[in-house]
Every structure is written in structure tokens, then in C-alpha cells.
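Report on one structure; see the data block that follows.
The sequence lines fix the lettering, A, B, ..., with proteins before strands; numbering per chain opens at 1. These figures come from a predicted structure and were not determined experimentally.
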Number of protein chains: 2
Amino acid sequence: MRADARRNRDRIVEIARALFKEKGFAGVSMDEVAKAAGVGAGTLYRHFPTKEALYDAVLEAWTDKVKAAVDRALGLDASARDKLVSWFGDYVDLLNGHKGAAARITLALGDPASPFAAKCTRYLGANQRVIDELGPALRPGVDAMEISRLVGAVAAVADGSGLGPDEVASMLGVVADGLVAA
Amino acid sequence: MRADARRNRDRIVEIARALFKEKGFAGVSMDEVAKAAGVGAGTLYRHFPTKEALYDAVLEAWTDKVKAAVDRALGLDASARDKLVSWFGDYVDLLNGHKGAAARITLALGDPASPFAAKCTRYLGANQRVIDELGPALRPGVDAMEISRLVGAVAAVADGSGLGPDEVASMLGVVADGLVAA
DNA sequence: ACCTGAACACCGTTCAAGT
DNA sequence: ACCTGAACACCGTTCAAGT
């Protein structure tokens, strides 16, 4: 990759991140990103084949934060239920302020062709670790996909309806209780 | 309303229902509806100010079905948990085959200006009835809005990801267990 | 009153032409 | 190789002109 192309790519991601953060996925047009980054539309699409692929690049840091959140929660001196609530809450917070991200990632969970496929794998892996560690405390038969979808569903509604921390915590409490129930 | 206008309105809703059912909300354009109904775009918009308002009219029967489903579930000779699962399952089924409806109604739950506001009121009312009847069996402090959002969130993910009945039932079981947990 | 359909505004994406 | 920006295809919505 040529140095000027690399510079363009980096600037695009940086500027797009600020715009998406401010206005959400649907509130930013590709033309707007191109203009703000000082490149032509073609250059934007040369680096990112779709708007969702650009969004995926913008959410890059997300992956590391997911891992850190599970580690922290599993290390807590607390009940399985409270560990779940802590991790779920951190996950929803991670998506907080990225309007449109939660629904997109959640709906991509079963789709290997999605631009978010790598993120989905990480997220599923995180919930698999939870299952491996909390094993017997959880309801039998529950799998990582189901937990990922349940928490992702709550995150998507919280995002779309602009719910406050208390409302989110309460919904996640219900899900966590349901997951530890026999 | 003039007779010809009434006829036009009815035909539009009928044809739109078939198209939305077949292709989902996003898969049908307003031009397509107008053409299929044999009217100009202006006529379509005279009867329905937005695409969502048209969708709301298409989902008219929904309201009665919601009431019937709660009645049936509450009349069951079963535990509170199983009544919840029955009603939630019926609700998700109601939206099944209307791609895009679940997410729209769920996100409209807090918004009185939404075209779906009347449906939201009915849905919230249905869950309020559930709370009134099952009262002490449910977790303290839970309200109709929270239940509506939780079940709506599951419905939206089920719709968006094309989940099967078993996957949906399992997720609803988690939510129901969480709602009856102390 | 009600209808028509061309037109507007916007947006994701492509591509011929340039350097 | 990489870039530009006009152009394409599509879509929700509006509005001047008709009956």
C-alpha cells in the first residue's frame, strides 16, 4: 500500500469515526465523509467497499474492549448472576454512543458474509468463555449464540429508544436472572 | 369521504398488505405500491402521509389478535411462567411474516408521535393486564414498558435474523424465567 | 374533492478519465 | 497505483396541473 493511500485511509477512518459518533450510522452520508476527509467518493469506496465496511473499521477498538470487559467481569468476587450483569452492562455501554451499531452487529451474528463477521466471532467467543467459566451455574442447554442475541437485542432497543442506564440495567437483570434459572 | 376515494384507499391497503407480506417493509417502494394499486403517487400520499403510516394501516388486524392472545394465555391452566411463554410466543408469531414490523413497533414504544402509537398503546395495555393478573408471581417493580421492550427486542432479532420457532421459544423462556424470578 | 405523474432531494455505489 | 467527480439507480415525498 502506497504511503499516500495509507494516509488517506487513516484520515478517512479518523474523520468517519467523529462523524458517526456525532450523528450515528444513518445520519452520515458517504459523500459527507468523502468531503470531510478531502477525497473523492471513488477513493472512499476503493478503501471500503460499502458503508458498513467503513463502519466496521471505525469500530475497531471495540474488539479489545469486549475482551477486557469479560475478563473484568469473570474476575469479580461475585455470584454468577452478578458477573453476567456486569459483563452485559459493559457490553451495552461499549455500543453506547454508536447509534446503529448494536442492531447491526446483533443482526450480523449468524451471517459470515457480513462486514461485522470478525466482531461477531469475538463477541460469540466472549460469551463462550462466560459459559465455560460459569458452566453449571447457567441453565442447561444455553449456548453462546443465544446469550449474544439476547444481550444484543437489549442493546439494540436501548440504542434505538435512547434508554437510560437504569432501564438498561433492569432489562439486563431480567435476562441474567433468566440465564441462571434452572 | 367520496366513494371513489374510499375504494382507492381500500384497494391500496389490500395490495400493500400483499406486497409487504411478500417482501417486507424495506423491500417494497411506495412507487411499487402506487403502480400495483393503479393510482398516482400523489393519491397514495393523500391517503397515507408516510410509508410507515401505510404500514400501520396494513397491520390493522394486529390489534385484535394481540387482545385474543393475552386472553387465551391468561385463561390457561398453567404456571405464571408458562402463561408468559404462551403469550410472548403468540406475540412474536403475530409479527412473524411481517419483516420489519417488530423492530418498528418496538422502537416506537416510547414515541407518541409514531404512526404506530395506537398499536403501542394496545401492546402496553396487554402487558399491563398480564401484570395485573399475575401480579405477585412477577418480579417486583417490573412494568409494562419493560416487558414490552424485552419481548419486542426478541421479536425484532427473530425477525431480522430469521430465527426458527425453537430458537425463539428458548429466548422467550429465558425472559419469562427472568420475569418470575425474585 | 380527488387524482396524475413529473420533479425534487437525497443517498449508496460505479466508472471513465486523469495523474 | 491511486485519485477525482460526474453519473447512475433508487427511493420517499411534494406539487403544479388536471378532472
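Regarding B:R9, its CZ atom lies at a distance of 12 Å from the P atom of C:dC3, rounded to whole Å. Going from atom OH of B:Y45 over to atom P of D:dT13 covers 4 Å, rounded to whole Å. In this structure, CG of B:D10 is placed 13 Å from P of C:dC2, rounded to the nearest angstrom. Rounded to an integer number of Å, the gap from B:K51 NZ to C:dC10 C1' is 15 Å. In this structure, the CZ atom of B:R11 is 13 Å from the C1' atom of C:dC2, given to the nearest Å. For A:F48 and D:dC3, the CZ to P distance is 11 Å, given to the nearest whole Å. Between the CE atom of B:M30 and the C1' atom of D:dT14 there is a distance of 12 Å, given to the nearest Å. Across the protein-nucleic acid pair, A:L19 atom CG and C:dG12 atom P stand 12 Å apart, rounded to whole Å.
Residue contacts for B:A41: at a heavy-atom cut-off of 4.0 Å it reaches a base atom on one of the strands shown. Heavy atoms of A:G27 sit nowhere under 4.0 angstrom from any nucleic acid atom. When heavy atoms are screened at a 4.0 angstrom cut-off, B:V33 is found touching no nucleic acid atom at all.
Along DNA chain C, the nucleotide nearest to B:D31 and the one nearest to B:R6 differ in position, and the one closer to the 5' end is contacted by B:R6.
In this structure, the side chains of B:R46 and B:N8 stay at 4.5 Å or more apart for every pair of heavy atoms. Side chains of A:Y91 and A:N127 form no contact here, defined as non-hydrogen atoms less than 4.5 Å apart. Looking only at side-chain heavy atoms (C-beta outward), B:F88 and B:V154 stay at 4.5 Å or farther from each other. Residues B:V151 and B:Y123 have side chains in contact (heavy-atom distance under 4.5 Å, counting atoms from C-beta outward).
Pairing partner, C:dA1: D:dT19, with both Watson-Crick or wobble hydrogen-bond distances short of 3.5 Å. Using the Watson-Crick or G-U wobble rule with both distances under 3.5 Å, C:dT13 pairs with D:dA7.
In terms of phosphate contacts, B:T43 brings no side-chain nitrogen or oxygen within less than 4.0 Å of OP1 or OP2 of C:dC2.
For B:S29, counting side-chain heavy atoms from C-beta on, the closest listed nucleotide (D:dC11, D:dC2, D:dT4) is D:dC11. Distances were taken from every side-chain heavy atom of B:R46 (C-beta onward) to each of C:dC3, D:dC11, C:dT4; the shortest belongs to C:dC3. Of the candidate nucleotides C:dC3, D:dA1, D:dG12, C:dC3 has the atom lying nearest to any side-chain atom of B:H47.
Salt bridge annotation for B:D71-B:R129: present, with a cationic side-chain nitrogen under 4.0 angstrom from a carboxylate oxygen.
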